Amino acid sequence: MNKEFHKKVGQNIKKLREEKGISQFKLAVEADCTPSTIAGIEAGVNTTLARLYSIAKILDVEPYKLLK
């Protein structure tokens, strides 16, 4: 998939996470992954739909908000 798309999804996650005052560590714990996984996703590394769905639930947003 397009690297720019992955980067945009990562930026959306970071923005929403910061708006909600959630650290990468806390998001990682709640999403059952490592902080480096969250950092990678925010940097544009590809991830699974299941992980994106989990992150969306934690951030209390509809999953499509991460993909805009």
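Computed over heavy atoms, backbone and side chain alike; hydrogens, waters and symmetry mates excluded. Quick caveat: nothing in here was measured; it's all calculated off a predicted structure.
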For the residue pair [X] and [Y], what are the closest heavy atoms and their distance?
X: P63; Y: A56; result: CA-CB, 3.7 Å
X: A28; Y: P35; result: CB-N, 3.5 Å
X: L52; Y: L66; result: O-CD1, 3.4 Å
X: S54; Y: A31; result: OG-CA, 3.9 Å
X: K20; Y: V61; result: CE-CG1, 4.4 Å

- Message: side-chain contact (heavy atoms from CB on, under 4.5 Å) for R51 and T37? Distances and angles first, verdict last.
- Response: CA-CA 10 Å; R51 175 94 18 138; T37 297; 3.4 Å; yes

- Query: Should Y53 and V45 be regarded as members of a common hydrophobic cluster, given that ILVMFWY residues are connected when their side-chain heavy atoms come within less than 4.5 Å of each other, either directly or indirectly?
  - Reply: no

- Query: Would you say L67 and I41 are hydrophobically clustered, going by side-chain heavy atoms of ILVMFWY under 4.5 Å?
  - Reply: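 Yes, it is one cluster - the side chains of L67 and I41 are joined through contacts under 4.5 Å.
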
- Task: Quick one: list whatever passes salt bridge (charged side-chain N to carboxylate O under 4.0 Å, His left out) with E19, sequence neighbours left out.
- Result: K15

- Message: By the definition side-chain contact (heavy atoms from CB on, under 4.5 Å), identify the one residue from Q24, Q11, K7 that meets it with E42.
- Response: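 Passing option: Q24.
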
Would you say [X] and [Y] make side-chain contact, with heavy atoms under 4.5 Å?
X: L16; Y: D60; value: no
X: L59; Y: R17; value: yes
X: I55; Y: T47; value: no

- Distance, nearest 0.5 Å, that separates CG of L27 from NZ of K14: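 One gets 13.0 Å once the value is rounded to the nearest 0.5 Å.
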
- Message: S36: which residues meet the side chain to side chain donor-acceptor pair (under 3.5 Å) condition with it, sequence neighbours left out?
- Response: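 For S36, the residues satisfying side chain to side chain donor-acceptor pair (under 3.5 Å) (neighbours in sequence not counted) are T34.
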
